[in-house]
Amino acid sequence: MTYTTAELRRLDQQHIWHPFTPMSLWLESEPVVIRAAEGMHLIDSDGNRYLDGVSSLWCNVHGHRVPEIDAAIREQLGKVAHSTMLGLTSEPAIVLADRLMKLVPGNLKKVFYSDSGATATEIAFKLVVQYWYNKGRPERNELVGFAEGYHGDTVGAMSVGRTTAFHRPYFPLLFKVHYAPSPYAYRFEGSGVRGQGSGRSDEGVTEYCLGKLEGILREHRRTIAAVAIEPVVQGAAGMIVQPAGFLREVRRLATQYDVLLIADEVATGFGRTGRMFACEHEGVQPDLMCVAKGLSGGYLPLAATFATQQVFDAFLGEASTGRTFFHGHTYTGNAMGCAAALASLDLFEKNDLVREVERKAGVLSGMLEGLKGLKHVGEVRQKGFMVGIELVADKATKRPFDAARRVGHEVCAGIRRRGVILRPLGDVIVVMPPLAMGEEDLRVMIDAVGAELRELRA
Ligand SMILES: *Cc1c(COP(=O)(O)O)cnc(C)c1O
């Protein structure tokens, strides 16, 4: 089975429809075909090596072909690859649950497995609605989300995390959600949605957004089931880092108005922000918490939704009472995914990885300083190993580039020619290295970004 690069490209373009990809452009391009990987590098079909600067879409943790994770998967393969969690249980799923319980915020006591971020969030949204239903409050079935939040691409996830640029055609399918403004200080104009606003202080933005959130909760407290938030960093919206204290206040308001709090840690979980979970930055205990991307170290599709004992208990009772949570996916709690996750957690411990991320994030900050003065860098946002570099046509007015130019893609294509794989969010260049990336590779990556941005012309 050896295909030439030309054959692989031709067959790809003949058969494959790629996610989040304008296919007209793809069909005219010469896609990079990945054939192998080693550590922090992806290797294409011609043997070219690229630094994996977006952690294979935000999930890779320890790099590729990590001996310990490879071995754990092989060992699991020698026992069983997959068996169902419907009516049966499995050793790796049990051991992983026990291990996760020691890491997550202490009030979370139960884990419901699934296989992707969107399933983890859909499960949380269904759980909170049924929680109130089971408690005899079926009218409490509405959710509160944040403007331009992102929770995945299934219908429920799109409803709560409505990204206009992605989801507009599906608006007729989506259920009603209350949206609070998100604290996007750089482009804050009071409406709480992204615009060309002149920005405000963190305090002003926090106060405004929390005021709006409280207004929603006050007005609709009888019908709201839960508030859903991407804690500390709103990822897909462009790496919007919330002002310190914001999450804590959201938790306080949820408690005050007696609604549940869902923390979507799909992007931020597993060390990404310099804590095991972003909620720890603010000492926040959510009622439900969703994880996926980094859970298996970036190896296999595995996700989890955690719940408190209080939420779980509302689902107990005779089967005939209909309190059961009727939800599941074929590959829920997949054994190989759980084995990979266990090996990944061993490596977190062995390498003191979360603390290392915090330390290296400081080094990375220093490197990013050098980009801030560049002509088209509007803002650099960072929390741990989550970085967004927002590009603007005019720095003084914050005027964006013409969207049709797709400047983020243009810049990332140039960075790729320099041997680094990045993927933008609009005009925000995302830097999301595997947590294990060392300082030397970080330097190579940021140098490539800097070199490319220096060549960018309005
Ligand atoms: C990526 C992401 C999701 C969706 O995860 P998938 O595995 O792609 O379905 C959900 N929430 C957040 C915050 C994410 O970043």
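Atoms within each ligand, like the ligands themselves, are counted from 1 in listed order. All of these numbers come straight from a predicted model, not from anything done at the bench.
Within 4.0 Å of ligand 1, contacts by protein heavy atoms are made from W58, S116, G117, A118, Y150, H151, G152, E230, D264, V266, A267, K293.
Aromatic ring centroids of H329 and Y113 lie 6.0 Å or more apart. Residues Y331 and H82 bring their aromatic ring centres within 6.0 Å.
No side-chain heavy atom of F270 sits under 4.5 Å from any side-chain heavy atom of E265. Taking 4.5 Å as the limit, every side-chain heavy atom of V392 sits out of range of all side-chain heavy atoms of V377.
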For this session: Check step by step if side chain to side chain donor-acceptor pair (under 3.5 Å) holds for T164 and E148.
Result: CA-CA 7 Å; T164 310; E148 301 290 319; 3.3 Å; yes
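In this structure, the side chain to side chain contact (heavy atoms under 4.5 Å, CB included) partners of E358, at least two apart in sequence or on a different chain, are R275.
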